[in-house]
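Have a look at the structure below before the remarks.
Residue numbering restarts at 1 for every chain, and letters A, B, ... go by the order of the sequence lines. As the structure is a prediction and not an experimental result, all values here were calculated from the model.
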2 protein chains.
Amino acid sequence: MRTPTQHLIEKSVKVTAQRAAVLEFLQGNRDHPSPDEIYRKVHKRFPYISRATVYNTIKTLLKAGLLQEVLIQQDTTRVDPNVSQHHHFKCLRCGTVEDMPYALMTADHVRKSLKNYQVQEVRMVAEGLCRQCR
Amino acid sequence: MRTPTQHLIEKSVKVTAQRAAVLEFLQGNRDHPSPDEIYRKVHKRFPYISRATVYNTIKTLLKAGLLQEVLIQQDTTRVDPNVSQHHHFKCLRCGTVEDMPYALMTADHVRKSLKNYQVQEVRMVAEGLCRQCR
DNA sequence: CACGTTGATTAGACTAATTCTAATCTAAGA
DNA sequence: TCTTAGATTAGAATTAGTCTAATCAACGTG
């Protein structure tokens, strides 16, 4: 298994102790944490890190493809170390966010397949360049 | 064509001049504006409205089903007066948000159908209640 | 159709998330 | 080892959104 440092080198990202610490924390985490959660948890084990660096590091790792953003409105930013193609389910009561397999792609498909869940909303956004901007 | 006031009455929402002004502005708008944009535009024609009322009114209209939220991360809240089932396309260069027909539902389908666009990301989120919370 | 109650509106203070600043430090190529 | 571009830092600044408590107004009732 590759270490956080190896991942950084692979993606040509300059290696710093802070970046390795953030990445290491995230790779052992399935909770889709917010920047503040990351800061608090990493800071415990590694007091030499500031909040601004956590935000900067998240951006760097997103750009390098080592993290994925979770698209949840009305909440803070959340990130996912699982960068494979998949989607998310957010519980409106307890707020937890779970991964959903990519195969469950259409709204009706999601509703039918997640039988143990009570799906209320399925929202999709595409991003890219519009006709004018291509 | 129904007036903003008629829409409010239909949904059993108490009619106020502020609510009618916000709804009137939105119904003539396809730009998916942010709360601040709504405040500035409505305030020009109708100076007797405060920022807090714009936020309150948006919530009221969302709850009544007269508006829909657009799910775009790393940006402010945006709302859409088109409450029919559809999704959105955001241009990463100019930032505009366009409506996408509901029929284009799967990621692959979106990519193939939006030929004039350069689709980079298709993101989907389901919301509801998880097993524990049902 | 005036009255009263319930809910709406207001300005501005407050909070939370994120970004900026400018000084200092450090990774890593020469 | 030296150099320099880029990373890190604490804390200030900014921004989006919520809260507060006083005032106001819609609209059902009498």
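Across the protein-nucleic acid pair, Gln18(B) atom CD and dA11(C) atom P stand 10 Å apart, rounded to whole Å. Atom OH of Tyr48(A) and atom P of dT26(C) are 12 Å apart (whole Å). Tyr39(A) places its OH atom 14 Å from the P atom of dT8(D), with the value rounded to the nearest Å. Distance Glu37(B) CD to dA16(D) P: 10 Å, rounded to the nearest Å. Distance Ile58(A) CD1 to dT8(D) C1': 15 Å, rounded to the nearest Å. In this structure, CZ of Arg19(B) is placed 13 Å from C1' of dC27(D), rounded to the nearest angstrom. Spacing between atom CD1 of Ile49(B) and atom C1' of dA11(C) amounts to 14 Å, rounded to whole angstrom units. What separates NZ of Lys14(A) from C1' of dT3(D) is a distance of 11 Å, to the nearest Å.
Val15(A) and Ile9(A) make their closest contact through CG2-CG1, 3.7 Å (heavy atoms, listed as atom of the first residue, atom of the second, distance). For Leu26(B) against Pro33(B), the heavy-atom pair with the smallest separation is CD2-CG, 3.7 Å. Between Pro4(B) and Gln27(B), the shortest heavy-atom distance links the atoms CG-OE1, 4.0 Å.
Side-chain atoms of Thr53(A) do not come within 3.5 Å of backbone N or O of Ile49(A) as any donor-acceptor pair.
Between Tyr48(B) and Phe46(B), the ring planes lie perpendicular to each other; the angle is over 60°, past the 30° to 60° tilted range.
The side chain of Tyr55(A) has dT19(C) as its nearest neighbour among dT19(C), dT10(C), dA7(D). When the nucleotides dT10(C), dT8(D), dA28(C) are ranked by their closest atom to the side chain of Ser50(B), dT10(C) comes out on top. Side-chain atoms of Lys59(B) lie closest to dT18(D) of the nucleotides dT9(D), dT18(D), dT9(C).
Position along DNA chain D of the nearest nucleotide to Val15(B) versus Ala52(A) favours Ala52(A) as the more 5'-ward residue. In terms of position along DNA chain D, the nucleotide closest to Asn56(A) lies nearer the 5' end than the nucleotide closest to the other residue of the pair Thr16(B) and Asn56(A).
Contact annotation for Thr53(A): base contact, defined as any heavy-atom pair under 4.0 Å involving a base atom. Across all strands shown, Arg51(B) has no heavy atoms under 4.0 Å from either base or sugar-phosphate atoms.
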